[in-house]
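What you are looking at is a predicted structure, and each value in this text was computed from that prediction instead of being measured.
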Amino acid sequence: MELITNNVWMMICTALVFFMHLGFAFLEIGLTRQKNTINILFKNIFIITVGLLLYALIGFNLMYPTWGPNAAGYLGDFIFGISAPLKEGSLDLSYNEGYTYWTDFLFQGMFAATAATIVSGAVAERMKILPFMIFTLIYVGLVYPIAGSWKWGGGFLDQLDTPFYDFAGSTLVHSVGGWAAIVAVCLLGARIGKFKNGKIQAIPGHNIPLATAGVLILWLGWFGFNGGSVLSADPELTSLTLVTTCLAAAAGGVVAAFVSTILYKNLDLTMFLNGILGGLVGITAGADQMSPTDAIIIGAIAGAIIVFAVSLIDKLKLDDPVGAIAVHLVCGIWGTLAVGIFGNLAGIDQFLSQLLGVGVYAVFCLSTSFIIIFTLKKTMGIRVSEKEELEGLDAHEHGMEAYPDFRLNEH
């Protein structure tokens, strides 16, 4: 009975994480212009479909290998396809204490595509669709599972004297996507009109209600993202994890709204929304290890970080239409380090392990994403033409409009 309960909980959480992809799609299209809506939706559908297939064919075994007794824990198994362990001709239910092999695969597969979705938002409105698709194939198929194996697959970061800790992916999912996003933004350049005569020009999104719906869907999905990472239906751990997740999100949103209002003298809804996401990303590394008070502090700091990070990214002339770098990379780093500062694992040794993990993933993700995107830039080009950008990617790359009966004059 316990196995059934745990497995059902894991499958519900899997569905919630899947639902997050709708949230990402809504957020991205809401914060960008209507002329690129089809393009963004196409990329998001491509990511989840191809991401799942790649994870089944290559990624799962690469990320969760059977390490040999003398393995250093750097590279997993290149075994094509997935095959459940059998016992006397039936599914081996002792595969894990809380869930079956198939549930494990599907839950982890939902995580795999999220890293590429983060990049999608950062490069919105100016990256060619084909090179983005090629990047997704390589990043989701190889880079993410190799990086994930170092901790979640029992690799070298999990074998440290004080193991690196990342409960649900502040680094392994969010920063892995965030590092690639910052490389892509640097190599792409800013959208036309974003920076004029050295001054930052706002390019408003076309549907803020949709972006708001996207954030609320992501918040809901995070119950599965963090709640499922308990890997069982343990009543104490799952309920605590959902409480810390929720409180961090609320604190992040409130503080981001408060700080941005003080600095810019306006009640900015988009900053409020990104503050909520920053709080969620920040608590993800240690949601099961924190008290409710710890979670509020971590989320509040993440909310403040969001406001200053968005400003810094603009000052660096980096154009991130949806704030993905500030939310996923900067708050991902903060959340990872917070494990060594707050909660049950707090201590200097843990903090140093967290710092090492941040550094390892930074080097690996920056180098691999640069090699992939720079090669694409030099061979096939990654940026659309000026005409395509001004007229919209929907018309030029997809030959259709998201709102054919409702048009705005956009520049």
Trace of the side-chain contact (heavy atoms from CB on, under 4.5 Å) decision for L157 with D166: CA-CA 10 Å; L157 286 174; D166 191 356; over 6 Å; no
What verdict does the side-chain contact (heavy atoms from CB on, under 4.5 Å) test give for K128 and E388, after you've listed the backbone C-alpha separation in whole Å, the side-chain angles of each residue and the deciding distance to 0.1 Å? CA-CA 10 Å; K128 291 180 180 178; E388 289 171 328; 5.5 Å; no
Does F167 form a side-chain contact (heavy atoms from CB on, under 4.5 Å) with V230? I'd like the steps, not just the answer. CA-CA 8 Å; F167 173 63; V230 174; 3.8 Å; yes
From CA spacing to verdict: side-chain contact (heavy atoms from CB on, under 4.5 Å), I29, N207: CA-CA 7 Å; I29 62 177; N207 197 327; over 6 Å; no
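The side chain to side chain donor-acceptor pair (under 3.5 Å) pairs that include a residue from residues 294-308 are S291-D294, where partners are two or more places apart or lie in different chains. Within the structure, salt bridge (charged side-chain N to carboxylate O under 4.0 Å, His left out) pairs that include any residue of residues 370-385 comprise R383-E389 (at least two apart or interchain). Each side chain to side chain donor-acceptor pair (under 3.5 Å) pair with one or both residues in residues 239-255, not counting sequence neighbours, appears once here: N226-T245. Note on residues 341-366: pairs passing side chain to side chain donor-acceptor pair (under 3.5 Å), not counting sequence neighbours, are Q289-N344, Q350-Q354. Listed by first and then second residue, the side chain to side chain donor-acceptor pair (under 3.5 Å) pairs involving residues 171-185 are T171-T336, H174-H328 (not counting sequence neighbours).
Panel note: side chain Q159, backbone G154; a donor-acceptor pair is recorded below 3.5 Å. Looking only at distances, no side-chain donor or acceptor of H21 sits under 3.5 Å from a matching main-chain atom of I45. Using modelled atom types, no side-chain atom of N61 and backbone atom of I82 make a donor-acceptor pair closer than 3.5 Å. Without hydrogens or angle criteria, D394 side chain to T37 main chain gives a donor-acceptor distance under 3.5 Å. The backbone N or O of L393 sits less than 3.5 Å from a side-chain atom of N36, completing a donor-acceptor pair. Panel note: side chain W9, backbone D234; no donor-acceptor pair is recorded below 3.5 Å. When atom types are taken as modelled, the side chain of E397 and the backbone of N39 share no donor-acceptor pair closer than 3.5 angstrom. W150 places no side-chain N or O within donor-acceptor distance of the main-chain N or O of D158, the cut-off being under 3.5 Å.
If you run side chain to side chain contact (heavy atoms under 4.5 Å, CB included) between I182 and each of L187, D320, L318, only L318 comes through.
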Show me the donor-acceptor pairs within less than 3.5 Å that the side chains of residues 188-195 make with the rest of the protein, sequence neighbours left out.
from : atom 1 : to   : atom 2 : distance (Å)
R191 : NE     : D319 : OD1    : 3.4
R191 : NE     : D319 : OD2    : 2.7
R191 : NH1    : E125 : OE1    : 2.5
R191 : NH2    : D319 : OD1    : 3.0

Going by atom type alone, with no hydrogens or angles, which donor-acceptor pairs under 3.5 Å involve a side-chain atom of residues 304-317 and a protein atom two or more places apart or on another chain?
none

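Scored by the side chain to side chain contact (heavy atoms under 4.5 Å, CB included) test, L106 finds T14, L52, M110 as partners (sequence neighbours excluded). For L376, the side chain to side chain contact (heavy atoms under 4.5 Å, CB included) partners at least two apart in sequence or on another chain are P131, I134, F135, I372, M380, I382. With sequence neighbours excluded, the residues that form a side-chain hydrogen bond (donor to acceptor under 3.5 Å, both in side chains) with N7 are T103. Evaluation of the side chain to side chain contact (heavy atoms under 4.5 Å, CB included) rule for N44 yields F24, A25, E28, I40, T117, S120 as partners, not counting sequence neighbours. Every residue meeting the side chain to side chain contact (heavy atoms under 4.5 Å, CB included) condition with F19, not counting sequence neighbours, appears here in chain and number order: L22, I217, L220.
Taking the side chain as every heavy atom from C-beta outward, C365 and Y139 approach each other to under 4.5 Å. Using a 4.5 Å cut-off on side-chain heavy atoms (C-beta onward), P145 and Q108 make no contact. At a threshold of 4.5 Å between non-hydrogen side-chain atoms, the residues V140 and Y55 do not count as touching. Using a 4.5 Å heavy-atom threshold, the side chains of V123 and K43 count as touching. By the 4.5 Å heavy-atom criterion applied to side chains, T5 and V8 are not counted as neighbours. With contacts defined as side-chain heavy-atom distances shorter than 4.5 Å, the pair I79/I58 does not qualify. Contact of the T114 side chain with the M20 side chain is not registered, since no non-hydrogen atoms from C-beta on lie closer than 4.5 Å. Looking at L142 and F78, their side chains come closer than 4.5 Å, going by heavy atoms from C-beta outward.
Between T136 and A116, the shortest heavy-atom contact is CG2-CB, 4.0 Å. In terms of heavy-atom proximity, I47 sits nearest to A113 at CG2-O, 3.2 Å. Considering every non-hydrogen atom in both A285 and G335, the closest pair reads CB-O, 3.5 Å. Among all heavy-atom pairs drawn from F223 and C246, the shortest one is CZ-SG, 3.6 Å. Taking each heavy atom of A181 and I325 in turn, the nearest pair found is CB-CG1, 4.1 Å. Of all heavy-atom pairs spanning A168 and F111, the tightest one is O-CE2, 3.4 Å.
F60 and Y101 have their aromatic ring centers within a separation under 6.0 angstrom. With ring centers used as reference points, W222 lies under 6.0 Å from F225.
Taken from CD1 in I341 to CD1 in I297, the straight-line distance is 11.0 Å, to the nearest 0.5 Å.
Counting non-hydrogen atoms of neighbouring residues, nucleotides and ligands closer than 6.0 angstrom, the CZ atom of F258 reaches no more than 12 such neighbours.
One side chain, Y165 or D288, offers a donor N or O that lies under 3.5 Å from an acceptor on the other.
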